[in-house]
Amino acid sequence: MSQSLAAAGTETGRVADLALTGDLIRPARLTVSDLLAWPQHEAEVSFECATSGIRHHRFTGPLLHDVLSAAGPNFDPARRKDRLRFLIAVSGADGHHALLSWAEIDPDFGRAPVLLAVGIDDTSLDRAGPQLVLPQDRCGARHISGITAIGVDGGYTSWA
């Protein structure tokens, strides 16, 4: 995780956005302002970084599950527990990537309170772009700054 999470991607002066793509009924491009339309959650997070020790931050933003649910994942109602085959790929402007399963964020399964943070320590992320925050992770390896894309993929039909 970088030294200055809020500063990532601010050099261009433009408002950052992210693309919601993949197996969605309503793919979209979203900005931090758009993400403020969802209920906001707060998480006090401590990341144990191998190179810089423990970092403490307070993040605010909507739950990833809420945002992706609004985009309409293409679950097949005829397939029992179809949502369990869906994966979520998150990419950041700095080239970092993380992969999550739908079950991990689904309230009926893992219920992980994964945030699309729009603020860190009372600083807006308008220019830097939203951040993926997994409060339950001990280290910040899956933390993604300046999210550029979130892809939802339900193409895993064979378990052989």
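Counting from 1, the numbers follow the sequence of the chain as shown. When reading the values below, keep in mind they use all heavy atoms of this one structure, side chains included, and skip hydrogens, waters and symmetry mates.
Taking the side chain to side chain contact (heavy atoms under 4.5 Å, CB included) definition, one finds that A71 meets it with L20, L24, sequence neighbours left out. Among residues two or more places apart in sequence or in another chain, the side chain to side chain donor-acceptor pair (under 3.5 Å) test is passed with T60 by none. Under the side chain to side chain contact (heavy atoms under 4.5 Å, CB included) criterion, D108 pairs with R83, D106, not counting sequence neighbours. For Q136, the side chain to side chain contact (heavy atoms under 4.5 Å, CB included) test picks out E104, A112, P113, V114, L134, R142, with sequence neighbours left out. Taking the side chain to side chain donor-acceptor pair (under 3.5 Å) definition, one finds that N74 meets it with nothing, sequence neighbours left out. Every residue meeting the side chain to side chain donor-acceptor pair (under 3.5 Å) condition with H96, not counting sequence neighbours, appears here in chain and number order: D94. For I54, the side chain to side chain contact (heavy atoms under 4.5 Å, CB included) partners two or more places apart in sequence, or in a different chain, are S46, E48, H56.
For the ring pair (Phe, Tyr, Trp, His ring centres under 6.0 Å) condition, no pair includes a residue of residues 122-141, sequence neighbours left out. Listed by first and then second residue, the salt bridge (Lys or Arg N to Asp or Glu O under 4.0 Å) pairs involving residues 59-72 amount to none (not counting sequence neighbours). Screening residues 100-136 for ring pair (Phe, Tyr, Trp, His ring centres under 6.0 Å), with sequence neighbours left out, gives H65-W102, F75-W102.
Two residues are said to be in side-chain contact when any heavy atoms from C-beta on lie closer than 4.5 Å; D153 and F86 fail this criterion. Residues L18 and T148 form no side-chain contact, since every pair of their non-hydrogen atoms from C-beta on lies 4.5 Å or further apart. Side-chain contact between R58 and V45: absent, with no pair of heavy atoms (C-beta onward) separated by less than 4.5 Å.
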Verdict with reasoning, H143 to F47, per side-chain contact (heavy atoms from CB on, under 4.5 Å): CA-CA 9 Å; H143 181 100; F47 293 120; 3.8 Å; yes
Candidate pair L87 and L100, rule side-chain contact (heavy atoms from CB on, under 4.5 Å), full reasoning: CA-CA 6 Å; L87 296 176; L100 297 91; over 6 Å; no
Audit row: I150, V67, side-chain contact (heavy atoms from CB on, under 4.5 Å) steps and yes/no: CA-CA 11 Å; I150 300 174; V67 174; over 6 Å; no
side-chain hydrogen bond (donor to acceptor under 3.5 Å, both in side chains) between S124 and D126, worked out: CA-CA 6 Å; S124 173; D126 283 0; 2.9 Å; yes
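For the atom pair L132 CG and I88 CD1, the distance stands at 9.5 Å (nearest 0.5 Å).
Between the side chain of H41 and the main chain of L115, no donor-acceptor pair closer than 3.5 Å is present. Within the 3.5 Å criterion, the main-chain N or O of R55 finds no donor-acceptor partner in the side chain of H57.
Of all heavy-atom pairs between P135 and A43, the closest is CG-CB, 3.9 Å. Considering all non-hydrogen atoms of both residues, D76 and D82 come closest at N-OD2, 2.6 Å. Across all non-hydrogen atoms, the minimal contact from P62 to V118 is CD-CG1, 4.2 Å. Scanning both residues, G61 and Q40, for their nearest heavy atoms gives CA-OE1, 3.2 Å.
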Determine all donor-acceptor pairs shorter than 3.5 Å in which one atom belongs to a side chain in residues 27-39; sequence neighbours excluded.
residue : atom : partner : partner atom : Å
R29     : NE   : D17     : OD2          : 2.9
R29     : NH2  : D17     : OD1          : 3.2
T31     : OG1  : S33     : N            : 3.3
T31     : OG1  : D34     : N            : 3.2
T31     : OG1  : D34     : OD2          : 3.3
D34     : OD2  : T31     : N            : 2.8

